[in-house]
Amino acid sequence: MSESLSIESHSSAPLHPVKEFWLYFCENKGALVGLCFIIFIVIVALMAHYIAPHGPFEQYRDAILTPPAWMEGGTWTYPLGTDDVGRDMLSRLIHGARLSLLVGAIVVTISLAAGILLGIVSGYVGGYLETMIMRLMDIMLALPSLLLAMAIVTILGPSLENAILAIAVVILPHYVRLTRAAAISEKAKDYVTASRVCGAGAFRLMFIVILPNCMAPLIVQATLSFSTAILDAAALGFLGMGAQPPIPEWGAMLANALQFVQRAWWVVTFPGLAIFFTVLAFNLAGDGLRDALDPKLKR
Amino acid sequence: MIIPTFIGMTLLTFALIHLVPGDPVELIAGERGITPERHAILRAELGLDKPLIVQYGNYVWDIFHGNLGKSIITKQPVFKEFLTLFPATMELSFFAMIFAITLGLPAGIIASVKRGSFFDHSVMGLSLAGYSMPIFWWGLLMILFFSVFLGWTPVSGRLSALFWIDADTGFMLIDTLKSNEKGTFISAVRHLILPSIVLGTIPLAVIARMTRSAMLEVLTEDYVRTARAKGLSPSRVIMIHALRNALIPVITVIGLQTGVLLAGAILTETIFAWPGVGKWIVESINRRDYPAVQGGILLISSLVILVNLGVDMLYGVVNPRIRYNK
């Protein structure tokens with residue numbers, strides 16, 4: 001019996017899960033491009049101090065609204081031009097990458113942690129507690145997310161930290177629902193019953209037995225909400241309810257750009273491009289992850 | 001579900017005014033300061049000296065009587081301000097949705113029928129791009145290109161400053177048609193084009209994606225094959241047999257997008273200086289006009305919930321299988 005098994009596994013050895021996942025992920029070219037761009041942005045953000053030609057707050061009074069280098073009047077001292085108080089656009093964008101990634105990372109960490117906790121408890125315990133948590137989440141989902149974030153920022157006061165907190169609260173319900181749904185379907189399975197029979201406690205059952213098997217949809221959601229977080233933080237920054245000037249946050253950089261639309265298109269264009277490409281990269285990678293992790297789509 | 005949601009919302013907006021740092025009375029009094037006696041009188045007038053639960057009860061009571069308080073800045077009732085501004089937002093959202101549906105549905109249908117083609121790939125790529133678009137920047141780009149570079153459309157507002165018309169209905173297109181002045185209608189349309197496109201971009205992307213995937217699912221079903229085997233023309237099979245079933249998830253998405261649309265209106269109206277409720281809420285937050293913020297958030301979220309309820313009811317019309325039993 002054991003012999004036949006080993007022969008079979010030799011003839012068509014199942015791939016290591018990580019390898020298999022990578023194979024599926026690579027099939028999706030868009031996801032690969034997205035991943036490359038994410039790696040690029042992460043490197044830029046980490047090395048910001050070394051890459052950026054100027055400080056993000058340094059004002060060159062003699063070079064206000066200089067156009068980008070390839071245009072008439074531009075110099076390579078300021079490759080992407082300067083803004084209305086003579087700060088180098090490129091340096092600000094590079095330092096902004098740091099903020100945006102940080103916003104994404106903190107938001108996802110907070111809401112993922114809280115979402116898993118609330119979701120798995122409500123899925124595992126059920127009953128009155130579950131109804132209460134899920135009703136609350138339904139209410140939060142019924143409100144438009146930007147509006148809810150704005151309400152929270154109004155209460156807490158405008159700043160980048162409060163914007164992060166507000167966005168984390170706004171995307172929390174998605175995690176709670178996902179975790180709960182996965183936990184409920186896993187709870188009924190034999191392996192959970194088996195470890196309960198073995199004497200595993202509620203805590204062990206929830207976080208060590210059930211949770212690892214709920215992770216696939218959560219990882220996908222985490223990637224996708226990374227982009228939501230960056231986008232919402234930029235929107236709040238744009239409205240003056242997130243990062244406050246002179247912080248080089250991409251959305252806040254656009255906040256007063258409207259008045260330069262006529263004279264300096266580069267002030268308007270580049271921060272938006274940075275937001276757009278970063279968000280697009282995370283969405284592409286998230287789609288690829290979903291396809292690679294979803295067992296239903298596997299051939 | 002609608003009642004607990006509504007209660008939750010009133011709790012949120014009620015908490016909003018009580019959690020903001022600072023004393024609401026001092027906020028009203030302004031920077032000049034206030035005597036302790038006057039302070040106490042104002043507190044009593046506003047009902048702030050009563051227990052929280054009583055205050056909440058009064059708040060809900062007032063809501064059901066259409067009283068959402070008065071704006072601190074303009075001293076106008078919040079509900080009235082909302083009503084005068086709301087038609088502008090509705091007009092904008094309506095045309096944004098029309099734009100999204102008229103482009104998104106056909107794009108999704110053609111993409112699903114020609115699966116794997118160049119058209120399909122471009123639709124999917126563009127819709128992902130649209131979905132990732134920061135719409136406040138998209139609006140700036142559109143202004144940069146169409147208004148500044150090409151000079152085709154005006155930069156902001158609802159009507160050229162050259163005209164003055166009476167706001168009967170608040171819907172600029174209707175008002176301009178009613179006024180017999182020449183050129184006002186054209187001006188209103190020109191002002192409406194860019195904001196509608198900008199606001200409609202994300203719903204467009206979502207609708208196109210959803211239509212495509214719903215159609216792909218339906219097209220593999222047996223009854224579609226039967227319809228083909230009967231010898232019906234491909235267009236009849238697609239437009240009548242398949243589309244009807246594919247529309248069910250699409251309608252859900254359109255309903256859900258209404259919430260996105262109203263939130264997007266906040267950004268779009270700010271960029272285009274469109275005098276609607278979105279811009280009003282942003283301004284109220286910046287001016288610390290909390291009663292206005294409170295009322296605005298409550299009214300917009302109630303609207304979103306009502307629209308979602310309407311979508312639920314539409315299901316029965318589109319899909320007889322889940323028609324509610326009476």
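First the proteins, then the strands, lettered A, B, ... as listed; each starts at 1.
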Spatial distance of atom CZ (B:Phe136) from atom CG (A:Leu254) [nearest 0.5 Å] = 6.0 Å
Is there a side-chain contact between B:Ile297 and A:Thr154 (heavy atoms, below 4.5 Å)?
-> no
Neighbour count above 12 (heavy atom, 6.0 Å) for B:Trp138 CH2 = no
Would you mind reporting whether B:Leu128 and A:Leu284 have side-chain heavy atoms less than 4.5 Å apart?
-> yes
Select, from A:Val153, A:Thr278, A:Leu147, the one with the greatest count of heavy-atom pairs under 4.5 Å involving chain B.
-> A:Leu147
Using non-hydrogen atoms only, which part of B:Ile135 is less than 4.5 Å away from chain A: side chain, backbone, both, or neither?
-> neither
Roughly how far, to the nearest 0.5 Å, is CG of A:Leu273 from CG of B:Leu141?
-> 7.0 Å
Within a radius of less than 6.0 Å around CZ of A:Phe25, do more than 12 heavy atoms belonging to other residues, nucleotides or ligands occur?
-> yes
Max heavy-atom pair count under 4.5 Å with chain B, selected residue of A:Thr228, A:Leu146, A:Leu231 | A:Leu231
Residue part contacting chain B, namely of A:Thr269, when any heavy atom lies under 4.5 Å = both
CE on B:Met133 to CD1 on A:Ile275, rounded to 0.5 Å | 11.0 Å
Flag if over 12 foreign heavy atoms under 6.0 Å of CE, A:Met134 | yes
Reported CG-to-CD1 distance for the pair A:Leu239 and B:Ile266, which is rounded to 0.5 angstrom = 7.5 Å
Contact class of A:Met241 relative to chain B, heavy atoms under 4.5 angstrom | side chain
If you look at every heavy atom in B:Val304 and A:Pro144, which pair is closest and at what distance?
-> CG2-CG, 3.7 Å
Quick one: are A:Met150 and B:Val293 in side-chain contact, heavy atoms under 4.5 Å?
-> no
If you look at every heavy atom in B:Pro134 and A:Gly272, which pair is closest and at what distance?
-> CG-O, 4.3 Å
Is the side chain of B:Trp137 donor-acceptor paired with the backbone N or O of A:Val268 at a distance under 3.5 Å, no angle test?
-> yes
Measure distances from A:Asp287 to the heavy atoms of chain B and classify the residue's part below 4.5 Å as side chain, backbone, both or neither.
-> side chain
Give a yes or no on whether B:Glu217 atom CD has more than 12 heavy-atom contacts from other residues, nucleotides or ligands under 6.0 Å away.
-> no
Atom CE in A:Met140, atom CG in B:Leu12: separation rounded to 0.5 Å?
-> 9.5 Å
From the list A:Ala235, A:Ser227, A:Ser145, the residue making the most non-hydrogen contacts under 4.5 Å with chain B is A:Ala235
Heavy-atom distance under 4.5 Å between the side chains of B:Tyr131 and A:Val279, does that happen here?
-> no
Which portion of A:Phe238 sits near chain B, non-hydrogen atoms under 4.5 angstrom = side chain
Interchain contact, A:Ile152 with chain B, by part (heavy-atom threshold 4.5 Å) = neither
